[in-house]
Undergrad: 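This is the structure I want to talk about, given as structure tokens.
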2 protein chains.
Amino acid sequence: MLSWISSGAFSTQQQFPSERDLENAFKVSRMTIRRALSELVEEGYLYREQGRGSFVARPRLEHQLGRLTSFTEDMKLRNLATDSIILNRTVVNDRDVAKRMGISDEDKFVRLDRIRLIGDQPAAIQATFVRHVLAPDLVDQELVEGSLYRTLEVIYGLEIGHAEQAIEAKPADEYEAEMLKVSRYSPVLALERLTFLRNGEPVEFVRSTFRGDRYRFVVALKR
Amino acid sequence: MLSWISSGAFSTQQQFPSERDLENAFKVSRMTIRRALSELVEEGYLYREQGRGSFVARPRLEHQLGRLTSFTEDMKLRNLATDSIILNRTVVNDRDVAKRMGISDEDKFVRLDRIRLIGDQPAAIQATFVRHVLAPDLVDQELVEGSLYRTLEVIYGLEIGHAEQAIEAKPADEYEAEMLKVSRYSPVLALERLTFLRNGEPVEFVRSTFRGDRYRFVVALKR
DNA sequence: AAGTGGTCTAGACCACGTT
DNA sequence: ACGTGGTCTAGACCACTTA
């Protein structure tokens with residue numbers, strides 16, 4: 001509603017109209033103005049100082065703040081051509097993954113093994129485990145826009161909420177070396193991600209291995 | 001104000017009192033209730049569905065959502081004893097770093113070289129560049145609680161806003177190998193972080209190298 | 001139809017910075 | 001003293017879900 005003002009011509013470096021001014025200018029109540037301004041602050045376009053006023057922040061970030069994106073979406077953001085080879089789709093049990101999710105050993109997963117390409121070079125291998133109850137026929141489902149997340153959202157109506165992600169550096173093992181076409185022991189990024197629905201239920205666990213020289217993780221943080 | 005309700009005894013798995021109920025129960029207006037609820041949603045304790053109600057989410061996260069913490073603060077969170085050896089404090093020019101910050105080549109930095117210990121083992125080496133104009137006598141300033149961020153906040157009144165952080169895996173070079181006591185070419189995490197004040201001005205640039213086997217990055221993301 | 005969350009209004013008082 | 005953002009009130013109407 002108000003976002004236009006800042007995105008557009010207003011990009012000076014300094015003072016922004018006061019809330020009372022905007023209230024008059026836009027003929028809406030002050031609470032509404034404040035909600036809109038809060039969003040702009042949240043997105044990093046403005047900052048406010050009590051008693052002084054609101055100011056336009058210096059423009060920022062190639063990346064959104066602590067935002068969860070899939071590999072596909074991430075690459076699209078950076079305008080990199082991406083492709084993905086599906087090695088396997090199976091329904092499996094996995095005690096390890098079940099434990100990580102805090103669910104029963106009996107629960108099945110749809111396991112998806114993929115190689116991720118940037119351009120036509122392998123950049124990562126990924127093993128994804130989606131809870132079978134939540135996406136029953138995922139094994140033979142075409143992926144929406146090639147993206148698992150989009151598929152979960154569009155086909156299964158699952159609302160993805162948040163994730164916890166851990167990253168570490170380790171030497172490539174034999175399998176990884178072969179798949180990524182790097183020499184053994186060369187540094188790779190090992191990523192584990194546990195994804196939850198909006199209600200806090202776990203949906204997905206991903207184990208990925210990225211080539212150290214082809215991929216870097218960028219993340220925005222706020223204090 | 002309201003946070004007690006959820007943090008405390010209310011931790012069932014389901015329905016939360018409606019906004020109208022809470023309004024009566026707490027004798028505050030609905031807008032106030034809604035603001036409080038929004039915070040709880042933001043923090044991941046609740047989720048809401050229009051037309052259905054508010055619900056208690058399954059508890060989450062060892063880590064805060066996309067939060068910026070320093071090494072010291074981070075380790076304190078995880079209850080790990082940490083120490084830090086300061087190798088060097090100098091005032092320098094650095095074209096590279098200046099460029100990354102988008103400021104003039106002429107601007108000086110306070111450069112701080114440190115080795116970070118977990119327990120008594122080296123876990124990382126860090127070179128930190130703080131803009132000299134913003135923290136003039138930082139070179140001979142005692143660090144508040146051993147933390148640079150706390151020092152910037154408390155001594156210099158700088159309000160840290162956000163950061164962009166990139167992580168990649170690479171083989172240790174000769175210097176890193178020696179300092180971290182690992183063999184050459186063993187995998188390490190290279191981290192670069194650019195930190196900004198609330199108004200968007202850059203303050204700090206950090207280049208860190210972490211031992212791959214001693215440190216893993218955990219981050220929470222939301223969709 | 002009734003109950004839920006989502007949005008908005010038109011005021012009020014407070015805390016803080018600047019003058 | 002004045003202008004700023006921060007918080008709150010007591011209502012209203014809308015969109016959506018469930019029965």
Side-chain angles (χ1 to χ4, degrees), chain A residues 1-6 10 12-58 153-154 156-162 197-201 222-223, chain B residues 1-6 10 12-58 153-154 156-162 197-201 222-223:
Chain A
M1 162 189 281
L2 216 169
S3 313
W4 322 116
I5 217 175
S6 157
F10 225 107
T12 137
Q13 187 71 26
Q14 255 54 29
Q15 191 104 12
F16 201 73
S18 80
E19 299 180 351
R20 270 81 172 182
D21 287 351
L22 292 168
E23 186 175 352
N24 292 323
F26 282 84
K27 305 290 182 201
V28 295
S29 79
R30 191 166 154 232
M31 280 300 286
T32 308
I33 292 291
R34 280 185 59 73
R35 207 191 34 71
L37 290 182
S38 299
E39 280 173 28
L40 292 177
V41 169
E42 200 58 29
E43 292 161 15
Y45 297 112
L46 292 181
Y47 63 101
R48 298 195 265 190
E49 292 186 20
Q50 180 164 164
R52 301 216 320 122
S54 301
F55 305 86
V56 182
R58 297 182 35 160
E153 290 170 340
V154 175
Y156 299 100
L158 300 175
E159 298 187 290
I160 295 180
H162 73 282
L197 298 179
R198 268 181 50 205
N199 67 7
E201 247 193 306
K222 75 173 166 189
R223 182 123 176 111
Chain B
M1 164 189 281
L2 217 169
S3 312
W4 321 116
I5 217 175
S6 156
F10 226 107
T12 139
Q13 188 70 28
Q14 254 51 31
Q15 190 104 10
F16 200 74
S18 80
E19 300 180 351
R20 270 82 171 182
D21 287 351
L22 293 168
E23 186 176 352
N24 292 324
F26 283 84
K27 304 291 182 200
V28 295
S29 80
R30 190 164 158 236
M31 280 300 287
T32 308
I33 292 291
R34 282 185 57 73
R35 207 192 34 71
L37 290 181
S38 299
E39 279 173 29
L40 293 177
V41 169
E42 200 57 30
E43 292 160 16
Y45 297 111
L46 292 181
Y47 64 101
R48 296 194 266 189
E49 292 187 19
Q50 179 164 165
R52 302 215 320 121
S54 301
F55 306 86
V56 182
R58 299 182 33 162
E153 290 170 339
V154 175
Y156 299 99
L158 300 174
E159 297 187 289
I160 295 179
H162 72 282
L197 297 179
R198 267 181 50 208
N199 68 6
E201 248 193 306
K222 75 172 166 190
R223 181 129 177 107

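FYI, side chains are in, hydrogens and waters are out, and symmetry mates aren't considered; it's all heavy atoms of this structure. Predicted model, so just to flag it, every value in this text is computed and none were measured. To find a chain, count down the sequence lines: A is the first, B the second, and so on, and within it residues start at 1.
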Undergrad: Please report the distance, rounded to the nearest Å, between CD in A/E49 and C1' in D/dG5.
TA: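 Taking atom C1' of D/dG5 as the reference, CD of A/E49 is at 10 Å.
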Undergrad: Counting heavy atoms from C-beta on, name the nucleotide in C/dC8, D/dT7, D/dT9 closest to the side chain of A/R34.
TA: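 Looking only at heavy atoms from C-beta outward on A/R34, the closest nucleotide is D/dT7.
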Undergrad: Should A/S18 be listed as having a side-chain N or O under 4.0 Å from OP1 or OP2 of D/dT4?
TA: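 For A/S18, the contact criterion (side-chain N or O under 4.0 Å from OP1 or OP2 of D/dT4) is met.
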Undergrad: How long is the line joining CG of A/L46 and P of D/dG6, in whole Å?
TA: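 The answer, rounded to whole Å, is 11 Å.
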Undergrad: Looking at D/dT9, I'd like to know if its phosphate oxygens (OP1 or OP2) sit under 4.0 Å from a side-chain N or O belonging to B/T32.
TA: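 So the side chain of B/T32 is within the cut-off, an N or O lying under 4.0 Å from OP1 or OP2 of D/dT9.
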Undergrad: Measure the spacing between CD of B/E43 and OG of B/S38 and express it to the nearest 0.5 Å.
TA: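 These two atoms lie 11.0 Å from each other.
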Undergrad: When the distance from CD of A/E23 to C1' of D/dG5 is rounded to whole Å, what number comes out?
TA: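 The answer, rounded to whole Å, is 13 Å.
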Undergrad: Nearest-Å distance, CZ (B/R52) to P (C/dG5)?
TA: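 Between P of C/dG5 and CZ of B/R52: 11 Å.
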Undergrad: Rounded to whole angstroms, how far apart are CD1 on B/I33 and P on C/dT4?
TA: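 It works out to 13 Å between those atoms.
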Undergrad: With respect to the phosphate group of D/dG6, does any side-chain polar atom (N or O) of A/R48 fall under 4.0 Å of OP1 or OP2?
TA: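 For D/dG6, OP1 or OP2 has a side-chain N or O of A/R48 closer than 4.0 Å.
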Undergrad: Give a yes or no on whether a donor-acceptor pair under 3.5 Å exists between the nucleobase atoms of C/dG6, that is its base, and the side chain of B/R30.
TA: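 Yes, a donor-acceptor pair under 3.5 Å.
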Undergrad: Quick one: B/E19 CD to D/dA15 P, roughly how many Å, whole number?
TA: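 Rounded to whole Å, this separation is 17 Å.
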Undergrad: Could one point to a donor on the side chain of A/R20 or the base of D/dG5 with an acceptor on the other under 3.5 Å away?
TA: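 It does, because a donor-acceptor pair links the side chain of A/R20 to the base of D/dG5 below 3.5 Å.
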Undergrad: Looking only at the side chain of B/Q50 (C-beta and beyond, no hydrogens), which of the listed nucleotides D/dA15, C/dC16, C/dT9 gets closest?
TA: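 Nearest to the side chain of B/Q50 among the choices is D/dA15.
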Undergrad: Whole angstrom is fine here: how far is it from CG in B/L37 over to P in C/dG6?
TA: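 Atom-to-atom, B/L37 to C/dG6, this comes out as 9 Å.
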Undergrad: Without decimals, in angstroms, what is the distance between A/N24 CG and D/dT4 C1'?
TA: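 Between C1' of D/dT4 and CG of A/N24: 15 Å.
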Undergrad: Ignoring backbone atoms, test whether A/S54 places a side-chain nitrogen or oxygen under 4.0 Å from the OP1 or OP2 oxygen of D/dG5.
TA: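 Checking D/dG5 against A/S54, a side-chain N or O does come within under 4.0 Å of OP1 or OP2.
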Undergrad: Check whether B/R198 reaches the backbone of A/R48 with its side chain - one donor and one acceptor, N or O, closer than 3.5 Å.
TA: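 Checked: pair present.
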Undergrad: Tell me whether the side-chain N/O atoms of B/R35 come closer than 4.0 Å to OP1 or OP2 in D/dC8.
TA: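 Indeed, a polar side-chain atom of B/R35 lies that close.
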